[in-house]
Amino acid sequence: MTNVEKLKDLVVEVFLIDPSEFHLDLRREQVETWDSLGVVSLAVGVEETFGCHFTQEEALGLKSVGDVITVLEHHGISFREV
Amino acid sequence: MVGGGRMMDEAKYFRARKRGGMRLVVVPSLWGSGAERSPIVVLNRDGAKHIEIDPAFLPDEVIYWPELLLSVSPERAGQACGDVWSHALEAFLSPLSGEEMQSELASLINELLQLPLITDVRWFDASARACVLQVKTSVGLVHGIAHILEAQMTTQYPSDGWGHAKLCSVFLLPVMDFNRKNSCKWVERAAKYAIDESGVWAVLKALHESGAYRQALPVLRECWSRILRDPCTRTNGTLVRPQAIRFFEEWSSR
């Protein structure tokens, strides 16, 4: 499974959206469940899925799937398949 | 007012929202909720839990009256202990608990291990501390399940004593098992803060009722999508994915 596929599964399961709604340009305001609690769940899921811990600033700064990828890449997780 | 968590929360809400200026003195009839020390109210409205946080909800005075405990059955006493344990453990694993909170909660957990699961006035203090700490962090899936299932279980099985404390007691062991198997957080934190893990597990097994768990399982399955959306579930220490229902369907306390 590629990291994009892992991230897709994670976003779908954290925000309880249909897989067809996922795309790499998906933004926070397009997802009803991407609220402050959603940010907490996403951070927990990222830690379990990718083994890296988001700082509070990083987690709060996430506004889109693209932002998640950017922060993960800073932690050394490659999304070159993108 | 004299009463348990639900009554205290109603009185706190009534005083703060309808009778500002009135003094509120509460006498908890049982430990567990810690409502007497909490700025949170959990209200039953139209079959759903409505949660509000406001410092104005805090009572002016709390009076503990140990003689009230004489009428508490051993079963209810045990379930109230489960309520306290679920606050402490879920707050300890919360993604919102920093090192200072974790350290305080670990101290509390080690103290809880010294308390018997029977009527004991020391539970009042433990309950209040667990409540104060969970307010500063969060609770998790046990509370998500309890909040969603309570109305349906009490309606469907009115004579079986289902309520918040029983739901917490019954589901704490399987949820902690779920957390332990899906994340290293519990094992790492228990080791870091020198928590007697086997002692905790022995308590959780003593609190669990396997027959009650089997009775609640169909309702859990039916309500799972709502449980996933509950705010408490969303701050569980381990991510609760939709397919996690399979874990609970296949789970056994053996």
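Everything numeric in this text was worked out from a predicted model, so none of it was measured. Every chain is numbered from 1 and lettered A, B, ... according to where its sequence line falls, protein lines coming before strand lines.
Atom CE of B/Met7 sits in a sparse spot, with 12 or fewer heavy atoms from other residues, nucleotides or ligands closer than 6.0 Å. In B/Glu100, the CD atom is not crowded: 12 or fewer heavy atoms of neighbouring residues, nucleotides or ligands sit closer than 6.0 Å. For B/Arg246, the CZ atom counts as loosely surrounded, since its 6.0 Å shell holds 12 or fewer non-hydrogen atoms of other residues, nucleotides or ligands. Counted within 6.0 Å of CD on A/Glu29, heavy atoms from surrounding residues, nucleotides or ligands total more than 12; the atom is thus considered enclosed. Around the CZ atom of B/Arg6, the shell of radius 6.0 Å holds no more than 12 heavy atoms that belong to other residues, nucleotides or ligands. Atom CD of B/Glu111 is surrounded by more than 12 heavy atoms from other residues, nucleotides or ligands within 6.0 Å.
Note: B/Arg234 CZ to A/Asp35 CG = 4.0 Å, rounded to the nearest 0.5 Å.
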Which pairs of donor and acceptor atoms, one on a side chain in residues 225-233 of chain B, lie under 3.5 Å apart (sequence neighbours left out)?
residue	atom	partner	partner atom	Å
B/Arg229	NH1	B/Ser225	O	3.3
B/Asp230	OD2	B/Cys232	N	2.8
B/Thr233	OG1	B/Ile227	O	2.7

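Annotation: residues 10-23 of chain A contacts chain B through A/Leu10, A/Glu13, A/Val14, A/Leu16 [non-hydrogen atoms, separation under 4.5 Å].
Closest non-hydrogen pair, A/Glu48 versus B/Ser183, comes out as OE2-CB, 4.2 Å. The two residues B/Pro95 and A/Val44 come nearest to each other via the heavy atoms CB-CG2, 3.5 Å.
The most heavy-atom pairs under 4.5 Å with chain B, out of A/Ser41, A/Gly38, A/Ala43, come from A/Ser41.
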